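Whatever order the structure lists them in is the order used to number ligands and atoms, beginning at 1. Note that this is a predicted model, so its numbers are computed, not measured. Values below: every heavy atom of this structure, side chains too, minus hydrogens, waters and symmetry copies.
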Amino acid sequence: MTITFIGHGYVGLVTASVFADLGNTVWVIGHTKEKIEKLKRGIIPIYEPGLEEIVKKNVRAKRIFFTLDYRDAIPESSAVFIAVGTPPKENGEADLSTIFEVAKKLVPYLNGYTVIATKSTVPVGTSQRIKEIINQYKAQKADFDVASVPEFLREGQAIYDTQSPDRVVIGTDSKKAEDLLVELHEPIDGKYVLTNIETAEMIKYAANAFLATKISFANSIASLSELTGADGLKVLEAVGLDKRIGSSFLSPGAGFGGSCLPKDIKALLSIAKTSGYDFGLLKEVDKVNNQAMKGIVSKSKRLLEGSLENKTIAVLGLSFKPDTDDMRDAPSIVVINSLIRAGAMIKAYDPVAMENAGKILKGITFSKDCYQAVEDADLLIILTEWNEFRQLPLLEIKKLMRKLNIVDGRNIYDPKKVREMGFSYLGVGR
Ligand code: UGA
């Protein structure tokens, strides 16, 4: 099948390359000449394990094509997936202007029956709005249907998630569109949820909101455990062993970040407000997440006897999670800015996110490796659980640091072992 993706962010580029790899002819439309030229050579604009290989392979096989021009791609496509960004506005509401803009732009090139599906996370009602826009701008009767096919991939394991999803959700009010989308997804195993557009749109928000709720619940249990002397990690491990609950997304720590969970809970809160529903639970999820980030700062103060003034703090890990260079809404931004406001000097290291971090974090020193970061530091904070931090030679680190303090914002070290080495150690929930 020939299909088009508009947008080459995580969702667009990953999904496009997976469909190309399955044998389809896939067009990817972008709007920056420089990025499109690089993509044509298989150079990708984001860090995602395995993505460059799969893009290069399919560029060579002439199954994936990149263009700035709608006329190259849309006329021959049976399905067009809109995968552009929906950043939050000041009030938390998703900004849909780019979605509507590309919907308007593709209209003149529609040729034969086409399914226009949203991949971006969009509020309920957006796909219907796209339908209205297309009907409004079409010169003659265009033969099309709209659909919502939300994506559930996680950054860092995006290719695996796209190739082997837990479920494929296809929302459309047209049987013809549903059949076409089921045929396209056929080689992908997973449970198929075939439903109407509004339900599909809501599924995506509900899933992300529930994941965020699990994390904030874990962070609340962690805080309470610290106050009561319970081992919060054991509590959550045992709770997660109940199959009805499940063990994933129950890791307490420095809070959740990224381009999805923080934005999507705010957008869902905005949808709820507009719909007249007070989603108090979700407001608390957001509040607990902010407390989780602030908790790292309080713990730092505790270890440094109440003051961060003129203290040197080594921060390991800046990206919002491992295996990505994505800094969007990373907890490190909130934590580091609070530390700086309290008078600390920051030396930071991240294996891949420093370039992006440099655009956001000002007044900090970036180090070439962990060793340079911890040199003369009064405290070491772990904010992202990159594998290479898990087995740091702490005996060597000990020789380099001025004071032996660790705040482990991702619980990657064994408190007993670290304390035996002479460090003062605080994790989250333990
Ligand atoms: C999230 C969802 O997991 C995907 O299913 C969804 O497709 C995606 O958003 C999206 O909407 O596009 P992602 O943002 O890539 O994926 O990252 P997650 O793996 O969900 O992690 C989000 C944040 O939660 C990270 O900062 C991570 O450190 C934190 N987290 C995760 C915890 O603090 N504790 C946990 O137990 C799990």
Electrostatic pair Asp161-Arg154, nearest N-O below 4.0 angstrom: yes
For Phe256, the atoms of ligand 1 under 4.0 Å from one of its heavy atoms are 23 (C), 24 (O), 26 (O), 29 (C)
Does Thr384 approach ligand 1 within less than 4.0 angstrom via side chain, backbone, both or neither, non-hydrogen atoms only? neither
Using 4.0 Å as the upper bound for N to carboxylate O, is an ion pair formed by Lys104 and Glu101? no
Please report whether ligand 1 has a polar contact with Phe152, defined as an N or O pair separated by less than 3.5 Å (distance criterion only). yes
Can you list the ligand 1 atoms lying under 4.0 Å from a non-hydrogen atom of Leu250? 36 (O)
Arg167 to Tyr192 six-membered ring, cation-pi geometry met (6.0 Å, 45°): no
Close approach of Gly257 to ligand 1, heavy atoms, under 4.0 angstrom: yes
Would you mind finding which of Ala207, Ser251, Gly255 brings a heavy atom closest to atom 36 (O) of ligand 1? Ser251
Could Lys287 and Glu284 be called an ion pair, given the rule that one side-chain N must be under 4.0 Å from one carboxylate O? yes
Enumerated ligand 1 atoms positioned under 4.0 Å from heavy atoms of Phe249: 3 (O), 18 (P), 19 (O), 20 (O), 31 (C), 35 (C), 36 (O), 37 (C)
For Tyr10 and Thr324, does a side-chain donor sit closer than 3.5 Å to a side-chain acceptor? yes
What is the closest protein heavy atom to atom 30 (N) of ligand 1, and at what distance does it sit? Ile215 CD1, 3.4 Å
Under 3.5 Å between any N/O of Phe320 and any N/O of ligand 1: does that happen in this structure? yes
May I ask you to decide whether Glu420 forms a salt bridge with Lys417, counting only side-chain N to carboxylate O separations under 4.0 Å? no
So which bit of Lys214 gets within less than 4.0 Å of ligand 1, heavy atoms only: side chain, backbone, both or neither? neither
Using a 4.0 Å heavy-atom cut-off, which part of Leu211 comes near ligand 1: side chain, backbone, both, or neither? side chain
Which donor-acceptor pairs under 3.5 Å do the side chains of residues 291-303 make with protein atoms, sequence neighbours left out?
residue: Ser298; atom: OG; partner: Lys294; partner atom: O; Å: 3.2
residue: Lys299; atom: NZ; partner: Glu226; partner atom: OE1; Å: 3.3
residue: Lys299; atom: NZ; partner: Glu226; partner atom: OE2; Å: 2.7
residue: Lys299; atom: NZ; partner: Gly427; partner atom: O; Å: 3.2
residue: Ser300; atom: OG; partner: Ile296; partner atom: O; Å: 2.7

The closest protein heavy-atom partner of atom 9 (O) of ligand 1 is Cys260 CB, 3.1 Å
Measure from atom 2 (C) of ligand 1 to every heavy atom in Val11, Asn208, Thr121 and give the option owning the shortest one. Asn208
Looking only at distance, does Glu155 have an N or O less than 3.5 Å from an N or O of ligand 1? yes
side-chain contact (heavy atoms from CB on, under 4.5 Å) with Phe256: which of Asp329, Asn208, Ile265? Ile265
Dump the intermediate steps for side-chain hydrogen bond (donor to acceptor under 3.5 Å, both in side chains) on Arg419 and Tyr413, then the final yes or no. CA-CA 10 Å; Arg419 286 184 184 128; Tyr413 297 129; over 6 Å; no
Give the residue and atom name of whichever protein heavy atom lies nearest to atom 6 (C) of ligand 1, and the separation in Å to one decimal. Leu153 O, 3.2 Å
Short question: side chain of Asn196, backbone of Thr172 - any donor-acceptor pair under 3.5 Å? no
Under 3.5 Å, is there a donor on one side chain and an acceptor on the other for Trp386 and Asp350? yes
Any atoms of ligand 1 less than 4.0 Å from a non-hydrogen atom of Arg410? List them with their elements. 28 (O), 33 (O)
Please confirm whether Ser248 comes within less than 3.5 Å of ligand 1 when only nitrogen or oxygen atoms on both sides are compared. no
Can you tell me which portion of Lys321 lies within the under-4.0 Å heavy-atom range of ligand 1? Options are side chain, backbone, both, or neither. side chain
Check for me whether Lys204 has a heavy atom closer than 4.0 Å to any atom of ligand 1. yes
How far is atom 1 (C) of ligand 1 from its nearest protein heavy atom, and which residue and atom is that? Leu261 CD2, 4.0 Å
Within 45° of the ring axis of Phe152 and under 6.0 Å from its six-membered ring centre, is that where the NZ or CZ of Lys204 lies? yes
